Amino acid sequence: MITFPKPDVEQFLRTFSIADFAVSPDEKHLVFSTNLSGKYNLWGMDLPNSFPYPLTTINQSCQGLIYDKKSRFIIAGFDQDGNENTQFYGVPLNGGTMKEIVNHENTRNFMPKLSNDSKKLYYTTSRGNPSFLNSYCLDLESGQEKLVLEGKDAATYLFGFSPDEETLLYYKHFANTYTLLYAKKGNEDILLTPPTEKQHTVNDGVFVSDSMIYLLTDYDSDFTYLASYNLETNKFSKVKELENESFTAITYSKENQLLYITSQKGVEDQLYEITLQNENWRNIPVPCSVINKLEVAASGTLYLFGMSATKPHNIYKNTGDEWVSLTKYTVPGVDSNELVEPDIITYPSFDGREIESLFFRAKKENDNGEVIFWPHGGPQAAERKFFRASFQFFLNNGYSIFAPNFRGSTGYGLEFMKMVEGDWGNGPRLDNVAGLDWLIEQGHAQKGNILLMGGSFGGYMALLLHGRHADYFKAVVDIFGPSNLFSFINSVPEDWKPVMDQWVGNPEKDKEKLIEFSPITYLESMIKPMLVIQGANDPRVVKEESDQIVQALKDKGRDVDYLLLEDEGHGFSKKENEIAVYQKILSFLKRFTAVTEKV
């Protein structure tokens, strides 16, 4: 009998991912951004066939992906090695040489939209207005462009337009918990939620006629619901809300007069169909736990891109009551029975508030008794039933993972989400400490024997927990986490800076608080071995955030290792880098696992 070795890091991390997809209006072609070759490129399918072929070979991830309305070409945005300075290109349906459409050095470009005749491209850009952004209409035939929206007061994004293209839809981003949606008709700007002093958000909106808009908002509510706004009567109306669910995205099927709404309910998503004529609702079962994107073709056919804790990214097509998987991504060489579904648990925090968490428990035959504590990024995001190849890899190597949705997380209402604002280092930190205490009290871990790891805000929280609660841990991994809130506030992209006072704090008015909340304040108590990972091109948490804390710890003679990725930004877009990172992390963790096993 032949026996085979245990799956190694490459088998788990060779799991392919999908970043975005689009379907041509005639439904004869599908394009998706995937790392099928080890680096992100665009790949195409000639539907109904589902065998993919490469369209680009530039090895860059895509941001913004749309078809021309007559299915003749694709518009796609690409940055350079994670720097997030996205530029737009035309891509032939069958691939080949791309045509430069919008390319201005050191600018950030967002949300491309084609006119109904596909002769004009609308987009939002940092060019000329880096803090608040401007939006332009580019004539693709003449190359002439005109300013259609000037950002003021807050970062301003062109979102869409009415069927007759006479009315623009745009939103202003004052904070992650304060976004307002407007319609611009001629010189008139119409706020689509009633005036109020109370901050609220509008997540999404869509025209169903030249005068009727449906939008998702939490105006005068804790959770996001469906509302409508009639531009002829200037009437705002609440249409539908569901208890403890936040609607996240809305799509319109003109052919069938239907709205489709995705909803975040805790760690999973739901999909609903709404008939406009009578506003009847029905829940549509979906083949995944998390919906990344939904597209409705002109025919009314649904295409969905999603994942689950044990199912990688895949694209599905709805055929009646059945979803057919157009992509077949799995964990190569790993049986699905070897993958771990998380338990959903709650625990009481320091003030009695219940905190929901995902607890991935290593299978008994693999369990080495170790627990990785994982505070998520964001912070106004959430740990959900995502597929993370790295999680399944660590689980298969014996490490259980505890991932709490501390205050600030999405999916638990606007009030909960706002609790992190101006309070990065207190409430969320104490929620995490309560999670650590729960693990210890329940017998899942011992104090001083927990492994700590996080990325982005999770990296910040890993640094802060290390500095203020080092006695819980034996080793710490920080993946591009801010270390000094003063330098972090000063170095984020320009269009982020207007929100920093509310989100993090003001360097002058909140000086004492920012000192207290900055991990670098606690160098003396950062005594546990550390691994720090950073992308050199990261525009969100710049390289200097990791440089300064690594150098400061080395100056104190601490055990700290530093892995700098020269061709990455705020994440890992290249397989060889992702594999190198997690091989490095596993090797680092095994140093302390081995010590535990010998004791």
Side-chain angles (χ1 to χ4, degrees), residues 22-23 25 64-70 75 110-124 135-137 148-149 156-173 179-194 200-219 224-240 247-263 272-281 293-303:
V23 180
L65 190 59
I66 53 175
Y67 277 91
D68 124 81
K69 302 300 174 66
K70 296 182 180 178
I75 298 289
F110 312 88
M111 304 173 70
K113 306 282 182 186
L114 280 167
S115 60
N116 294 326
D117 61 9
S118 293
K119 293 182 179 180
K120 298 185 289 292
L121 178 71
Y122 294 84
Y123 68 99
T124 299
S135 296
Y136 288 88
C137 176
V148 295
L149 192 63
T156 304
Y157 300 84
L158 178 63
F159 200 70
F161 38 77
S162 58
D164 63 8
E165 296 184 37
E166 294 295 320
T167 306
L168 301 179
L169 200 60
Y170 69 93
Y171 73 90
K172 290 194 169 200
H173 183 259
T179 55
L180 300 178
L181 189 65
Y182 294 82
K184 182 178 181 64
K185 189 167 186 177
N187 294 321
E188 186 181 11
D189 294 274
I190 304 164
L191 177 63
L192 299 185
T193 48
H200 60 280
T201 67
V202 183
N203 288 4
D204 205 350
V206 63
F207 278 97
V208 299
S209 70
D210 290 329
S211 60
M212 180 61 76
I213 300 166
Y214 282 86
L215 58 146
L216 306 180
T217 181
D218 52 25
Y219 166 78
T224 304
Y225 57 88
L226 176 67
S228 65
Y229 192 94
N230 189 317
L231 292 173
E232 291 182 350
T233 62
N234 290 323
K235 183 181 179 182
F236 171 89
S237 302
K238 179 181 284 190
V239 177
K240 183 74 171 182
F247 299 156
T248 52
I250 183 171
T251 311
Y252 173 52
S253 172
K254 181 180 179 182
E255 177 73 18
N256 298 318
Q257 290 292 289
L258 298 170
L259 291 176
Y260 292 94
I261 291 178
T262 56
S263 173
Y272 299 99
E273 177 188 272
I274 306 96
T275 305
L276 286 181
Q277 288 181 336
N278 53 24
E279 294 184 350
N280 281 344
W281 281 63
K293 184 177 182 180
L294 181 76
E295 280 218 356
V296 183
S299 67
T301 302
L302 298 181
Y303 294 84

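Positions are given from 1 along the sequence. All figures in this text were calculated on a predicted structure; none of them were measured in a lab.
In terms of heavy-atom proximity, L192 sits nearest to F236 at O-CD1, 3.2 Å. Closest approach of M212 and S209 over heavy atoms only: N-OG, 3.1 Å. Across all non-hydrogen atoms, the minimal contact from S263 to Y272 is CB-CE1, 3.8 Å. The two residues F207 and P163 make their nearest non-hydrogen contact at CB-CD, 3.9 Å. The shortest heavy-atom contact between L121 and P112 is CD1-CB, 3.9 Å.
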- Task: Carefully, step by step, assess Y170 and Y182 under the rule ring-ring contact (aromatic ring centres under 6.0 Å, His included).
- Result: CA-CA 5 Å; Y170 69 93; Y182 294 82; 5.2 Å; yes
- Before giving the answer on side chain to side chain contact (heavy atoms under 4.5 Å, CB included), spell out for T301 and Y303 the whole-Å C-alpha distance, their side-chain angles and the decisive distance to 0.1 Å. CA-CA 7 Å; T301 302; Y303 294 84; 3.8 Å; yes
- Task: Quick one: do Y122 and S115 satisfy side chain to side chain contact (heavy atoms under 4.5 Å, CB included)? Show the steps, please.
- Result: CA-CA 7 Å; Y122 294 84; S115 60; 4.2 Å; yes
- Task: Show your working on side chain to side chain contact (heavy atoms under 4.5 Å, CB included) between L180 and H200 and close with a plain yes or no.
- Result: CA-CA 8 Å; L180 300 178; H200 60 280; 3.4 Å; yes
- Task: In sequence, state the C-alpha distance, the side-chain angles, and the governing distance for L226 and W281, and then conclude on side chain to side chain contact (heavy atoms under 4.5 Å, CB included).
- Result: CA-CA 12 Å; L226 176 67; W281 281 63; 3.9 Å; yes
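Residues that satisfy the side-chain hydrogen bond (donor to acceptor under 3.5 Å, both in side chains) test with S211, not counting sequence neighbours, are absent from this structure. The side-chain hydrogen bond (donor to acceptor under 3.5 Å, both in side chains) search around T167 returns none, not counting sequence neighbours. Applying the side-chain hydrogen bond (donor to acceptor under 3.5 Å, both in side chains) rule to Y67 yields the partners H29; only residues at least two apart in sequence or on another chain are considered.
T179 and T201 share no side-chain donor-acceptor pair at under 3.5 Å.
The backbone N or O of N116 lies less than 3.5 Å from a partner atom in the side chain of E165, making a donor-acceptor pair. T124 places a side-chain N or O within 3.5 Å of a backbone atom of L158 that can act as its donor or acceptor partner. S118 places a side-chain N or O within 3.5 Å of a backbone atom of K69 that can act as its donor or acceptor partner.
In this structure, E166 CD and L231 CG are separated by 12.5 Å, a value rounded to the nearest 0.5 Å. Going from atom CD1 of I213 over to atom CD1 of I250 covers 11.0 Å, rounded to the nearest 0.5 Å. From N256, atom CG reaches atom OH of Y252 across 9.5 Å, with rounding to the nearest 0.5 Å. Residue I66 holds its CD1 atom at 4.0 Å from CG of L114, rounded to the nearest 0.5 Å. If you take CG on L65 and CD on E295, they are separated by 8.0 Å, rounding to the nearest 0.5 Å. If you take CG on L276 and OG on S253, they are separated by 9.0 Å, rounding to the nearest 0.5 Å.
Between V296 and the choices L302, L259, L258, the side chain to side chain contact (heavy atoms under 4.5 Å, CB included) rule is met once, by L302.
For the pair T217/Y225, a side-chain contact is recorded, criterion being any heavy-atom separation below 4.5 Å from C-beta on. The shortest distance between side-chain heavy atoms of T248 and T224 does not fall below 4.5 Å. Side-chain atoms of F247 and D204, non-hydrogen and from C-beta on, never get closer than 4.5 Å to each other. Counting only heavy atoms from C-beta outward, the side chains of Y214 and I274 never approach each other to under 4.5 Å. The closest side-chain heavy-atom distance from T193 to L181 is not below 4.5 Å. Contact of the V202 side chain with the Y219 side chain is not registered, since no non-hydrogen atoms from C-beta on lie closer than 4.5 Å.
Below 30°, between 30° and 60°, or above 60°: for Y157 and Y171 the angle between ring planes is below 30°, a parallel geometry.
Within a 6.0 Å sphere centred on NZ of K70, heavy atoms belonging to other residues, nucleotides or ligands number 12 at most.
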